Number of protein chains: 2
Amino acid sequence: MPMELDKFDRGILAILQRDARRSAELIGTAIGLSASAVQRRIARLREEGVIAAEVAIVDSRAIGRPLTLIVDVEVERERSELLVSLKQWIAAEPAIQEAWYVTGEGDYVLIVTARDVDGYDALMRKLIAENANVRRFQTRVALGTLKRGQLVPVEPTSE
Amino acid sequence: MPMELDKFDRGILAILQRDARRSAELIGTAIGLSASAVQRRIARLREEGVIAAEVAIVDSRAIGRPLTLIVDVEVERERSELLVSLKQWIAAEPAIQEAWYVTGEGDYVLIVTARDVDGYDALMRKLIAENANVRRFQTRVALGTLKRGQLVPVEPTSE
DNA sequence: TATGAAATATTCCACCG
DNA sequence: CGGTGGAATATTTCATA
């Protein structure tokens with residue numbers, strides 16, 4: 001169920017999605033509201049779950065994980081009990097940053113971060129070894145990152 | 001150039017990647033450091049760019065964008081001048097949350113958020129219409145999101 | 001029901017030892 | 001590094017529309 005968001009909420013979200021540290025007073029002057037009104041709305045957006053989290057974005061290159069890989073995984077759909085443990089495996093593996101179950105024949109798409117090719121190889125060998133229902137996978141290496149984030153458009157104009 | 005990070009830095013990053021609002025005092029008790037030391041380290045990590053940003057994560061379903069699509073785009077590599085404008089187009093389009101240039105024949109992978117199928121169709125028609133070098137694209141719909149984020153593993157691999 | 005302003009409580013930040 | 005005090009910020013309270 002889509003939440004009721006007026007233009008003030010949208011303005012707040014637009015700012016906080018780019019900079020969660022911006023003070024309520026600055027946000028207020030930007031959108032035309034008092035600091036306390038902004039503060040109240042932020043608290044409400046958190047409670048309602050519209051703001052799901054506030055997190056630090058770490059530069060993966062800066063800490064020695066310059067590789068990003070996009071992996072298409074094909075899974076045997078028949079064995080549903082193995083699917084549960086595969087999902088848990090994915091959830092528990094920190095090198096897998098994102099994972100979707102997508103349209104196709106038991107297909108998953110993974111976004112993986114790695115230190116180097118060897119690190120990635122080791123990860124995928126472990127994936128295969130510990131999940132019998134993984135049929136095959138195809139890897140694409142990110143040669144360049146044009147854009148990264150989970151910034152959601154909040155303007156009603158954008159489609 | 002990988003940054004020098006000791007176990008305290010790693011502990012700080014592990015926490016802040018999940019909750020950027022955690023106070024320095026709480027972080028300090030968690031990792032065994034004083035609040036002021038934690039403050040100093042956070043400031044340094046921000047300056048060095050290890051912490052690239054601190055952002056609010058908005059629940060896209062809560063604001064009426066329940067659809068996520070993974071799009072493989074094939075581009076004519078020959079016309080490099082068109083590539084520049086395509087990149088700018090992608091950068092300027094808020095519905096495209098993530099975009100990588102990947103191994104293959106002029107292939108890009110996009111993560112797109114949409115209100116519904118019609119909204120997505122309209123976006124891709126616009127992409128085609130305004131970028132003559134886009135040869136074709138293939139869409140996969142995210143039927144389920146197992147994991148989402150840019151959480152980078154910071155656990156020591158060698159220390 | 002939501003606002004703005006004022007009062008209170010936290011948290012941060014720049015020093016000091 | 002840890003600790004302290006002043007500044008900035010967030011949170012609560014309250015009167016008002």
Side-chain angles (χ1 to χ4, degrees), chain A residues 1-59 62-63 149-152 154-157, chain B residues 2-59 61-64 149-152 154-156 158-159:
Chain A
M1 50 175 72
M3 217 49 93
E4 287 277 334
L5 298 175
D6 63 18
K7 63 170 181 173
F8 294 122
D9 291 325
R10 279 187 243 270
I12 291 168
L13 292 175
I15 293 170
L16 289 183
Q17 282 190 99
R18 292 169 176 84
D19 177 14
R21 263 161 50 85
R22 191 74 57 87
S23 74
E25 187 176 8
L26 277 177
I27 296 171
T29 57
I31 67 174
L33 218 54
S34 74
S36 43
V38 170
Q39 186 59 35
R40 257 193 308 269
R41 279 164 181 269
I42 292 173
R44 200 199 66 220
L45 291 166
R46 285 188 188 126
E47 271 176 40
E48 288 172 342
V50 176
I51 296 176
E54 280 147 281
V55 303
I57 303 299
V58 169
D59 183 353
I63 63 171
Q150 292 169 65
L151 207 151
V152 182
V154 288
E155 303 308 325
T157 50
Chain B
M3 216 50 92
E4 287 276 334
L5 298 175
D6 63 17
K7 63 170 181 171
F8 293 121
D9 292 325
R10 279 187 246 270
I12 291 168
L13 291 175
I15 292 170
L16 289 183
Q17 282 190 100
R18 292 169 176 85
D19 177 14
R21 264 161 47 86
R22 190 76 55 89
S23 74
E25 188 177 7
L26 276 177
I27 296 171
T29 58
I31 66 174
L33 219 53
S34 74
S36 40
V38 172
Q39 284 281 0
R40 261 193 306 270
R41 280 164 181 267
I42 292 174
R44 201 198 67 222
L45 291 166
R46 286 202 263 248
E47 271 176 40
E48 288 172 342
V50 177
I51 295 176
E54 280 148 281
V55 302
I57 303 298
V58 169
D59 182 353
R61 286 163 308 174
I63 63 169
Q150 291 169 68
L151 208 151
V152 183
V154 288
E155 301 311 325
S158 60
E159 174 141 0

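Letters A, B, ... are given to chains in the order of the sequence lines, protein chains preceding strands, and every chain is numbered from 1. Just so it is clear, the structure is predicted and the values come from calculations on it, not from any experiment.
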Enquirer: Starting at atom CG of A/Leu33, determine the distance to atom P of C/dA2, rounded to an integer number of angstrom.
Expert: 12 Å
Enquirer: Could you give the CG-to-C1' distance, from A/Leu45 to D/dA10, as a whole number of Å?
Expert: 16 Å
Enquirer: Write down the distance between CZ (A/Phe8) and C1' (C/dG4), rounded to a whole number of angstrom.
Expert: 13 Å
Enquirer: Can you see which heavy atom on B/Ile31 is nearest to which on B/Phe8, and at what distance?
Expert: O-CE2, 3.5 Å
Enquirer: Report the distance from atom CD of A/Glu54 to atom C1' of D/dT9, rounded to the nearest whole Å.
Expert: 14 Å
Enquirer: Under 4.0 Å between any heavy atoms, over every strand shown, what does B/Arg41 touch: base, sugar-phosphate, or nothing? Just pick one.
Expert: sugar-phosphate
Enquirer: Measure from the side-chain N and O atoms of A/Gln17 to the backbone N and O of B/Val58, and report whether any donor-acceptor pair falls under 3.5 Å.
Expert: no
Enquirer: Using a 4.0 Å heavy-atom cut-off to protein, can you give one letter per nucleotide of nucleotides 5-17 of chain C, 5' to 3': B if the base is in contact, S if only the sugar-phosphate is, - if neither?
Expert: B------SS-B--
Enquirer: Rounded at 0.5 Å granularity, tell me how far CD in A/Glu155 sits from CZ in A/Arg10.
Expert: 7.5 Å
Enquirer: Among A/Leu13, A/Val50, A/Asp9, exactly one meets side-chain contact (heavy atoms from CB on, under 4.5 Å) together with A/Val154. Which residue is that?
Expert: A/Leu13
Enquirer: A/Leu26 has an atom CG; how far is it from atom C1' of D/dT9, in whole Å?
Expert: 11 Å
Enquirer: So which heavy atom on B/Ile15 is nearest to which on B/Ala30, and how close?
Expert: CD1-CB, 4.0 Å
Enquirer: Closest approach of A/Ala35 and A/Ala24, non-hydrogen atoms and distance?
Expert: O-CB, 3.7 Å
Enquirer: For B/Ile42 and D/dC1, what is the distance between atoms CD1 and P respectively, to the nearest whole Å?
Expert: 12 Å
